[in-house]
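A quick write-up on the structure given underneath.
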Amino acid sequence: MTSKKLKASITGVHGYVPDYILTNRELETLVDTTDEWIVTRTGIKERRILKGDMKGTSILGVECVKGLLNKTDTDPKEIDLIICATVTPDMLFPSTSNLIADRVGASNSYGFDISAACSGFIYALATGSQFIEAGTHKKVIVVGADKMSSIIDYEERKNCVLFGDGGGAVLLEPSEDENGIQDYLLKSDGSGGDMLCLKAGGSLKPASIETIKNKEHYIYQEGSSVFKFAVTNMADISEEIMNNNNLSSDDVAYLVPHQANKRIIDATAKRMGIGPEKVLLNIEKYGNTTAGTIPLCLWDFENKFKKGDNLILAAFGGGFTWGSLYLKWSYNN
Ligand code: ACO
């Protein structure tokens with residue numbers, strides 16, 4: 001007799017964005033840009049900013065996890081593990097997941113961060129699912145959150161229009177049926193690392209007067225090169241996971257894409273052969289929140305999902321990293 005493999009299901013999702021809305025109109029007053037340029041090139045109309053001193057990504061994570069625990073009626077002490085995907089941790093160490101665990105009262109959990117930029121949530125979800133599938137963990141929380149405003153130069157037009165702050169969290173538990181995470185593909189290519197990075201502040205180039213003068217603590221991105229890699233790889237990997245699982249475009253209920261640029265998302269949907277009604281978009285409201293985009297999208301559109309729906313998650317980001325994940329949604333609202 002063959003034993004069925006245990007699957008990990010998402011049994012709840014909650015998102016959080018800060019109150020402050022940075023509109024394209026306000027950006028017009030900060031840099032040489034226009035609402036029209038931003039909307040046509042990216043699809044973004046506004047993004048949220050976490051204002052105030054001494055407020056890091058853990059604040060976003062704590063809000064997401066508190067909301068998630070409340071919504072799923074889960075005692076924080078039951079949580080076994082918290083994984084936080086972020087490239088804007090409160091500090092290089094301790095991990096942001098540790099800070100979140102402490103502040104939500106998850107005193108029986110341990111945690112660690114995952115750094116895979118915009119693919120971070122998919123990497124973390126795939127990682128978290130392993131602990132459930134192994135049968136060793138019963139409740140795992142996966143957070144994707146970034147305070148991108150902490151690494152953005154608001155005097156330089158190329159990047160400041162793209163990014164925002166926000167995050168989301170999901171609860172993973174053993175599936176009671178065939179639903180849950182079915183498959184995933186994760187890829188990386190370090191040769192693209194220099195095209196999208198934070199040059200200073202790590203062990204290679206610790207902070208100095210020079211690095212500050214050279215603005216090397218802000219995100220560096222060769223936008224049009226990254227764009228080309230993103231279009232090809234996000235489309236390729238989404239098609240590959242469909243082929244690996246014998247999914248036709250009719251079988252796919254929704255594409256949940258990383259929200260970096262609407263044009264990248266459109267190219268991915270085209271390759272998958274799915275129409276716009278199946279593509280979940282909230283980029284216009286939040287911009288690119290890096291590890292936050294996919295869980296924020298799941299949260300925004302949770303009411304659309306029905307038990308058994310086939311969802312494809314897909315992302316591309318700094319590293320380079322990219323990935324796709326196929327899951328069957330596990331509950332009705
Ligand atoms: N407003 C007005 N003009 C601008 C702006 C702006 N905000 N930004 C750039 N421009 C100008 C450029 O200076 C350039 O002018 P020039 O021709 O006189 O030099 C012109 O617009 C075209 O610039 P491009 O960079 O070629 O514009 P493109 O159409 O490629 O769009 C963008 C730029 C939106 C950044 C696009 O390249 C992109 O989306 N890249 C990928 C972003 C991404 O997905 N990153 C990965 C995830 S991020 C992560 O992992 C953290």
Side-chain angles (χ1 to χ4, degrees), residues 22-47 57 85-89 114-124 144-167 186-190 192-199 201 217-238 257-268 281 283-284 286-294 296-297 313-323:
L22 176 59
T23 61
N24 290 351
R25 290 281 174 226
E26 185 178 348
L27 283 168
E28 286 177 353
T29 68
L30 301 176
V31 291
D32 181 14
T33 192
T34 59
D35 173 58
E36 198 261 330
W37 191 96
I38 304 170
V39 172
T40 5
R41 298 295 178 112
T42 70
I44 303 166
K45 291 183 180 152
E46 56 189 45
R47 64 291 289 142
T57 294
T86 186
V87 286
T88 51
I114 283 187
S115 170
C118 296
S119 313
F121 184 75
I122 293 185
Y123 271 51
D146 272 295
K147 183 188 173 185
M148 294 306 289
S149 62
S150 65
I151 54 169
I152 294 294
D153 178 3
Y154 288 95
E155 292 178 350
E156 194 257 340
R157 68 180 179 179
K158 280 189 182 162
N159 287 318
C160 72
V161 301
L162 303 176
F163 295 96
D165 303 338
L186 304 177
K187 305 206 181 187
S188 66
D189 177 3
D194 290 347
M195 282 185 234
L196 177 49
C197 60
L198 202 64
K199 291 185 177 179
H217 297 277
Y218 294 128
I219 194 167
Y220 171 82
Q221 173 164 227
E222 291 168 24
S224 46
S225 305
V226 173
F227 182 84
K228 285 176 200 135
F229 281 101
V231 165
T232 311
N233 288 311
M234 212 165 113
D236 282 354
I237 205 159
S238 306
H258 169 53
Q259 316 271 317
N261 187 315
K262 188 170 176 302
R263 291 182 291 152
I264 299 173
I265 297 170
D266 289 345
T268 303
L281 277 177
I283 190 170
E284 72 285 355
Y286 308 134
N288 182 350
T289 54
T290 302
T293 61
I294 291 179
L296 268 176
C297 216
L313 281 45
F316 180 90
F320 293 138
T321 56
W322 63 107

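Since this is a predicted model, take the numbers as computed values, not measurements. All ligand and atom numbering here is 1-based and tracks the order in the structure.
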Do protein heavy atoms approach [atom] to less than 4.0 Å?
atom	value
atom 45 (N) of ligand 1	yes
atom 16 (P) of ligand 1	no
atom 5 (C) of ligand 1	yes
atom 19 (O) of ligand 1	no

Looking only at N/O atoms, are [X] and ligand 1 under 3.5 Å apart anywhere?
X	answer
Thr34	no
Gly223	yes
Arg41	yes
Asn261	yes
Gly318	yes

Enter the distance from Thr321:OG1 to Ile114:CD1 here, rounded to the nearest 0.5 Å.
->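 Those atoms lie 11.0 Å apart.
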Supply the atom-to-atom distance Asn159 CG to Ile151 CD1, rounded to the nearest 0.5 angstrom.
->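 The CG atom of Asn159 sits 9.0 Å away from the CD1 atom of Ile151.
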Only heavy atoms count here, so choose which of Arg263, Glu28, Glu156, Met234 is nearest to atom 31 (O) of ligand 1.
-> Arg263
Answer with side chain, backbone, both or neither: which part of [X] has a heavy atom less than 4.0 angstrom from an atom of ligand 1?
X	result
Thr42	side chain
Asn288	side chain
Ala260	side chain

Considering residues, nucleotides and ligands other than Phe229, do more than 12 of their heavy atoms fall under 6.0 Å from its CZ?
->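 Count not over threshold, so no.
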Output, in order, the C-alpha distance, side-chain angles, deciding distance and verdict of side-chain contact (heavy atoms from CB on, under 4.5 Å) for Glu36 and Asn24.
-> CA-CA 9 Å; Glu36 198 261 330; Asn24 290 351; over 6 Å; no
Where is the nearest protein heavy atom to atom 11 (C) of ligand 1: which residue, which atom, and how far?
->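 Among all protein heavy atoms, the one nearest atom 11 (C) of ligand 1 is Arg157 NH2, 3.6 Å.
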Specify the protein heavy atom at minimum distance from atom 1 (N) of ligand 1: its residue, its atom name, and the distance to 0.1 Å.
->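 So the nearest neighbour among protein heavy atoms is Thr33 OG1, 2.6 Å.
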Could I get the full list of salt bridge (Lys or Arg N to Asp or Glu O under 4.0 Å) partners for Lys187, not counting sequence neighbours?
->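 Testing Lys187 for salt bridge (Lys or Arg N to Asp or Glu O under 4.0 Å), a comparison that skips the adjacent residues, returns Glu240.
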